[in-house]
Amino acid sequence: MLKVRFAPSPTGYLHIGGARTCLFNWLYVRKLGGKFVLRIEDTDVERSKTEYLEEILESIKWLGMDWDQIHYQSQRFDIYREYAQKLIDEGKAYKKDGAVFFKYTFSEIKINDLVRGEIMFNELPKEEEVIIKSDNSPTYNFSCVIDDALMEINCVIRGEDHISNTPKQILMYEGLGFKVPEFAHLPLILSPSGGRMSKRFGATSIREYKQDGYLSQAIVNYLLLLGWAPGDNREIISLDEAKNIFDIKKVNKAGAAFCMDKLNWVNSEYIKNKNIKDLTQDVINYLQSKEFLPQDIDSNYVQKVVELFQGRMVKLSDLLDWGRFCFYDDYAYSEETKDILDKNLSKEVSVLMEKFSSMDSFDKDAIEKEFRNAAQGLGLKTRDLVHPVRVALTGRKVGPGLFETIEVLGRQEVVKRLKRLCEYWEN
RNA sequence: GACCCCAUCGUCUAGCCUGGUUCAGGACACCGCCCUUUCACGGCGGCGACGCCGGUUCAAAUCCGGCUGGGGUCGCCA
């Protein structure tokens, strides 16, 4: 049976690279069938934090993935020491300065890699490796090998940065008498400029993207595209579908630069294509997490607002500023509306208000008809009336379609805001 | 520096394994036009790549070698 694992270290939040490694493991095992093990590599007690652990698990779930088993290395120290002792007894390791060193002789090592094919090592920089530190805790390479063997992991999918660890790990498998698993080394995700992913490049943790208004489905989809393509030119692929068509042999070998523009595009696609109920729920959750929504807000109203912005939103956070006028009327007319506000249309706007007040039904089609008639009757081009009205209602020069906006805000609110503009002109 | 990996438009990629159907297809970004009450959406069009040099071959983006460039690793971190 296929068994793979994702082995995060809870010394930081789940970042983009880790999320993709997790994703490719998950896709591979869910497609072929098998078990997915989550192994928490918390051997560095100093740096490991439960806060990080919780966030990592939460992020994985949020992205839509699950696991079959979870293990914690911090609970397995006895096992590592036991195997270290075994190696000492067999003369393959020795103790020095309180640490245990694994000795190896080296000829050449061949890795058969699922994404890269054969990788040959002709020499190694050292002839021994610490496996148990002097504080009695295991080193990464040792606990990793012991656990992968004991947990019967037969395919190790991890980042390319582990390629150079692989030969010494293979030597350990052999020294311990374990079967060597298959390996698949994924290309690294590079910073937007193509260099090393660094702290300089801001948001790299999944939680930050979530807080920034990205949809989990969009992040997963984008990550999927970083190093893999279905081959038929499609870009929008759900996790569920990816599960069926993913092929690890088609993963690229070259590192991929992270592109925010493309992520944004994918996110906007998901926003556009999501059904309104689900999107509204996402929006409500998001806006609540930002403590943005007024206390007594009606979810039907939020849905109306979401409909207004669905086609023009890139991130949910766009609602925080572009959609603010839908929830608050405390805005000031922005600086760039000055040229529109220069023309006093107080009389015309008043006429419009009258018309609005006397309408029977206040839906967008009726509003549009009434609005156009009013403009014509006043000898104005529609746009000459549209612009100031938009400023009145939103405080801005740009926004969603005006007639829909009027419908969403409702007659009472619209009239109130139009009055405010007239007062502005009169003073 | 040593070891290892990689190399198609600015970016993500298809094609490369099984050489000719490709003066290289798609997407993002960018530019232009159309639609239009603004901004977007959408539609149409444009710009733009096989890193270089050699070899193999009738024929190379596709196979081989070198060079160059980028990346990774060289911790009693993981």
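No hydrogens, no waters, no symmetry mates; every other heavy atom, side chains included, goes into these values. Chain identifiers are assigned alphabetically (A, B, ...) following the order of the sequence lines, protein sequences preceding nucleic acid strands; residue numbering begins at 1 within each chain. What you see is a predicted model; the values in this text were computed from it and never measured.
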Answer with base, sugar-phosphate or nothing: what part of the nucleic acid does [X] contact at a heavy-atom distance below 4.0 Å?
{"X": "A:Asn252", "value": "sugar-phosphate"}
{"X": "A:Lys381", "value": "nothing"}
{"X": "A:Phe403", "value": "base"}

Output yes when at least one side-chain N/O atom of [X] is less than 4.0 Å from OP1 or OP2 of [N], else no.
{"X": "A:Arg196", "N": "B:rU73", "value": "yes"}
{"X": "A:Asn264", "N": "B:rA29", "value": "no"}
{"X": "A:Thr43", "N": "B:rA78", "value": "yes"}
{"X": "A:Arg234", "N": "B:rA14", "value": "no"}
{"X": "A:Lys250", "N": "B:rU13", "value": "no"}

Partner of [N] by Watson-Crick or G-U wobble geometry, both contacts under 3.5 Å, or none?
{"N": "B:rA78", "value": "none"}
{"N": "B:rA60", "value": "none"}
{"N": "B:rC52", "value": "B:rG66"}

A:Asp113 side chain to A:His185 backbone, donor-acceptor under 3.5 Å
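Yes; judged by distance alone, with no hydrogens or angles, the pair exists.
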
Does a distance-only test, which skips hydrogens and angles, find a donor-acceptor pair under 3.5 Å between the side chain of [X] and the base of [N]?
{"X": "A:Arg383", "N": "B:rU36", "answer": "no"}
{"X": "A:Ser164", "N": "B:rC3", "answer": "no"}
{"X": "A:Lys262", "N": "B:rA27", "answer": "yes"}

Q) Does one side chain, of A:Asp261 or A:Asn264, offer a donor that lies under 3.5 Å from an acceptor on the other? A)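 There is no such pair (donor and acceptor under 3.5 Å, judged by atom type) between the side chains of A:Asp261 and A:Asn264.
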
Between [M] and [N] - [atom1] atom distance, rounded Å:
{"N": "B:rC50", "M": "B:rC9", "atom1": "P", "result": "7 Å"}
{"N": "B:rU13", "M": "B:rC77", "atom1": "C1'", "result": "34 Å"}
{"N": "B:rG55", "M": "B:rA61", "atom1": "P", "result": "15 Å"}

Could you tell me whether A:Asp44 and A:Lys49 make a salt bridge, using a distance below 4.0 angstrom between a side-chain N and a carboxylate O?
->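 So A:Asp44 does not pair with A:Lys49 through a salt bridge.
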
Step-by-step side-chain hydrogen bond (donor to acceptor under 3.5 Å, both in side chains) determination, A:Asn221 to A:Gln217 = CA-CA 6 Å; A:Asn221 194 147; A:Gln217 298 90 336; over 6 Å; no

- Message: Tell me if the centroids of the rings in A:Tyr209 and A:His15 come within less than 6.0 Å of each other.
- Response: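 No.
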
Could you classify B:rC41 for me, syn or anti, using a glycosidic angle within 90° of 0 as syn?
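Here B:rC41 takes the syn form, which means its glycosidic angle is within 90° of 0.
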
